[in-house]
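These notes concern the structure reproduced below.
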Amino acid sequence: MHINIILAGVGGQGILSIAAVIGRAALQSNLTIRQTEVHGMSQRGGAVQSHLRISDREIYSDLIAEGTAQMILSVEPHEALRYLPFLAPESRIITSIDPFVNVENYPAIEDILAELNRTNRPVLVNAAELAREAGNARTSNMVMLGAAAPYIGIATEQLESAIGELFHAKGPDIVDINIRAFRKGQELSQTQATEP
Amino acid sequence: MNKHLLLGAEAIALGALDAGISGVYAYPGTPSTEITEYIQKNSDAQEQPVRSSWSANEKTAYEAALGMSYAGKRSLVCMKHVGLNVAADAFINSAITGVNGGLVVAVADDPSMHSSQNEQDSRVYGKFAMLPVLEPSSQQDLYTATREAFDLSESVKLPVLLRLTTRLAHSRAGVERTLARMQNSLHALYAPERFVLIPQNARRQYNVLLGMQKELEKRSEQSWLNRLITGTGSRGVIAFGIAFNYTMEVRQTFGLDFPVLQIGQYPLPRKQVENFFTSCDTILVAEEGYPVYEELLRGYFGNQNIKGRMDGSLPRAGELNADIIASGLGIEPKAVMPVPDIVVQRPPALCKGCGHRDLYDALTAVMSSFREHHVFSDIGCYTLGALEPFNAIHTCVDMGASITMAKGAADAGLRPAVAVIGDSTFTHSGMTGLLDAINDRSPLTVIIADNDTTAMTGGQQSSATGSKLLDICRGLGVEEKHLRTIVPLKSHLEENMTVLKEEISYDGVSVVIAQRECIETAARKKRTKVAST
Ligand code: SF4
């Protein structure tokens with residue numbers, strides 16, 4: 001197995017937690033992993049990305065080459081578009097449709113959705129709503145991880161146990177809410193996949 | 001599974017802990033901060049205590065590390081590339097004194113300037129100081145090389161420079177540990193002939209260092225960090241540090257089989273490079289950073305068979321990646337989807353509710369009443385005041401330069417001369433400049449934005465905040481009448497403007513301290529408090 005994932009969002013939206021869960025799960029599945037992060041100045045409310053590479057063979061580069069990502073997983077719809085040059089042919093965008101507006105010239109959401117729909121069978125997720133249903137609006141990132149889960153190639157149990165480990169210190173309630181959020185995203189994604 | 005998922009920076013930290021360091025010394029700086037943070041978080045788990053709190057700046061950090069080495073124990077000192085400029089005096093001279101306990105200096109360079117004001121290449125400093133330099137290319141190699149760097153340091157009795165760049169520092173991979181070893185026992189070295197660098201000692205010691213160079217080169221020839229990946233064809237790549245990863249990625253992706261010479265330890269292994277040159281007709285030199293070795297290999301008149309950053313085969317500036325190496329090897333880029341036109345920039349910005357916003361609102365309003373309204377500033381979150389919508393500051397050069405540049409401008413006759421500096425930057429390099437201004441009675445106003453932390457790098461402990469800052473200013477000689485404090489809040493705008501206006505109009509040295517905790521740090525403290533109750 002070999003997958004390149006571009007994780008995208010805005011500083012503070014929790015994409016590093018998504019990366020941490022997938023990373024742990026991959027390591028437990030005895031896979032090789034490389035995952036870049038953005039720290040420092042660029043983090044302050046700016047666009048952030050993480051390159052995540054998982055494979056059963058050796059991985060050399062920490063960065064994903066253009067045109068070779070099997071997935072763009074974004075917690076913000078506009079940010080998903082920023083990394084289109086990385087997407088491999090026939091690969092898909094999985095993104096939240098909740099805009100994070102902190103710049104004046106943020107484009108109209110209809111235009112963003114139109115661009116997203118121009119790509120290959122995108123998975124569009126009302127993440128904030130599902131997160132609230134799960135019990136906490138801050139778990140949008142786990143909703144998005146759930147939505148991506150069917151396409152990552154790592155067993156659901158491994159991902160859920162990694163969520164448990166990551167949030168362990170915050171107590172069982174927080175773990176439960178995050179797992180619920182994960183399952184909501186996964187459910188939505190599976191339903192979309194079976195639609196014609 | 002006994003692999004740890006670690007950032008490159010953390011792999012260095014774990015390697016150093018397992019090598020038996022007794023202390024780490026550092027000033028925070030992206031992308032090096034996580035080395036020290038990892039040690040701070042894990043120091044309780046160590047069998048023997050490891051000293052790890054933040055230093056005032058890179059120079060004090062380096063000298064303390066050298067002192068720990070003098071006392072016979074192993075020490076690690078970490079900084080970002082520009083931090084080595086600050087520590088350079090100690091660094092270069094520690095090559096002359098040599099060390100006792102192992103001393104490793106981990107320096108993280110930032111090509112492409114993700115969070116820095118330049119992309120200087122620390123390998124140049126390594127050559128300048130004539131010290132061994134290690135540049136591993138993976139997280140696992142960073143762990144192993146860091147462990148071994150302490151042995152190398154103790155064996156050649158010299159500090160060892162460990163160089164990494166942003167991508168490796170901030171990328172995670174699984175790392176396997178080896179057994180941790182004990183710290184050194186205290187065995188301070190009584191060797192004034194080495195450590196008292198008066199000319200007769202320095203000359204002798206410098207000759208010792210020169211004499212060591214052959215030995216260092218021999219170590220490089222034998223190092224596992226320098227190795228040949230055999231292949232076919234007459235075209236080869238010499239890949240330095242992380243450039244090795246991108247080169248191998250290209251080999252893998254395109255099913256190519258060209259030979260690669262990986263370089264991860266300096267001085268350059270002359271024989272290996274010579275052999276490689278005789279086996280290849282053309283060579284691409286791939287370095288993450290300056291074309292330091294490309295220039296040497298080309299020689300003064302240029303070698304037509306060498307490709308690299310200097311002939312445009314690779315771009316002269318910025319970090320490398322697999323796409324760039326591929327195009328350097330003449331591989332046509334494939335067509336990719338473009339970024340849609342509607343996508344806009346989302347630059348970093350001050351957090352909503354940050355006190356710096358209110359400080360700049362007040363300051364800009366006051367400055368607009370003067371004909372000249374230059375504000376000299378410094379390095380920290382508040383540097384974002386240079387961007388829209390604030391446009392409130394007009395310089396940011398290096399740590400501490402706000403005060404000293406304002407002083408120089410005041411000396412030239414510029415009125416008013418105003419400096420904005422953070423609490424941590426002030427104790428890093430601002431205090432001495434303020435002393436200069438006081439001694440000269442230069443008319444300037446220093447605004448210290450005291451947010452109680454080193455916010456920009458993620459909220460590390462600052463050396464002096466609150467009343468300690470006031471005491472420092474008093475001690476340096478700031479008049480009590482012109483040492484004022486304000487609270488940068490929207491509701492205080494009027495009174496803050498009054499204070500700023502009064503002090504900026506004063507014809508002498510005045511200091512206004514704007515005290516309000518960074519909201520990010522405050523929120524983090526609250527979260528940890530909730531989690532622990
Ligand atoms: S991290 Fe703190 S100091 Fe920096 S912009 Fe945010 S609130 Fe302001």
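First the proteins, then the strands, lettered A, B, ... as listed; each starts at 1.
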Heavy atoms only, distances under 4.5 angstrom: which of [options] has the most pairs with chain A? Name it, please.
options: Leu5(B), Thr253(B), Asn245(B); answer: Asn245(B)
options: Asn321(B), Thr33(B), Leu7(B); answer: Leu7(B)
options: Ala322(B), Pro340(B), Ala335(B); answer: Pro340(B)
options: Val344(B), Asp323(B), Val336(B); answer: Val344(B)

Does the gap between the ring centers of His51(A) and Phe86(A) come in under 6.0 Å?
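Yes - the distance between ring centres of His51(A) and Phe86(A) falls below the 6.0 Å cut-off.
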
In terms of heavy-atom proximity below 4.5 Å to chain A, should [X] be classed as side chain, backbone, both, or neither?
X: Leu6(B); value: neither
X: Glu388(B); value: neither
X: Pro338(B); value: backbone
X: Ile242(B); value: side chain

Just by distance, with hydrogens left out, do Tyr27(B) and Ser424(B) show a side-chain donor and acceptor under 3.5 Å apart?
yes

Any side-chain donor paired with an acceptor under 3.5 Å for Thr453(B) and Asn451(B)?
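On atom types as modelled, these side chains do not qualify, holding no pair under 3.5 Å.
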
Between Arg57(A), Glu104(A), Arg118(A), who has the most heavy-atom pairs with chain B when the cutoff is under 4.5 Å?
Arg57(A)

Against chain B, work out which of Asn105(A), Ile59(A), Leu87(A) has the most heavy-atom pairs shorter than 4.5 Å and name it.
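Winner by heavy-atom pair count: Asn105(A).
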
Check whether [X] gets within reach of chain B through its side chain, its backbone, both or neither, counting any heavy atom under 4.5 Å.
X: Glu37(A); value: both
X: Leu52(A); value: neither
X: Thr32(A); value: neither

Do the side chains of [X] and [Y] get close enough for a salt bridge, i.e. N-O under 4.0 angstrom?
X: Arg346(B); Y: Glu76(A); value: yes
X: Arg180(A); Y: Glu133(A); value: no
X: Arg34(A); Y: Asp62(A); value: yes

Using the rule given for salt bridge (Lys or Arg N to Asp or Glu O under 4.0 Å), can you reason through Glu79(A) versus Arg82(A), listing the C-alpha separation, both sets of side-chain angles and the distance that settles it, and then say yes or no?
CA-CA 5 Å; Glu79(A) 290 310 310; Arg82(A) 193 185 298 284; 2.8 Å; yes

Has Arg92(A) got more than 12 heavy atoms of other residues, nucleotides or ligands less than 6.0 Å from its CZ?
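Yes, the 6.0 Å shell around CZ holds more than 12 heavy atoms from other groups.
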
Carefully, step by step, assess Arg167(B) and Glu288(B) under the rule salt bridge (Lys or Arg N to Asp or Glu O under 4.0 Å).
CA-CA 10 Å; Arg167(B) 285 306 162 185; Glu288(B) 180 83 319; over 6 Å; no

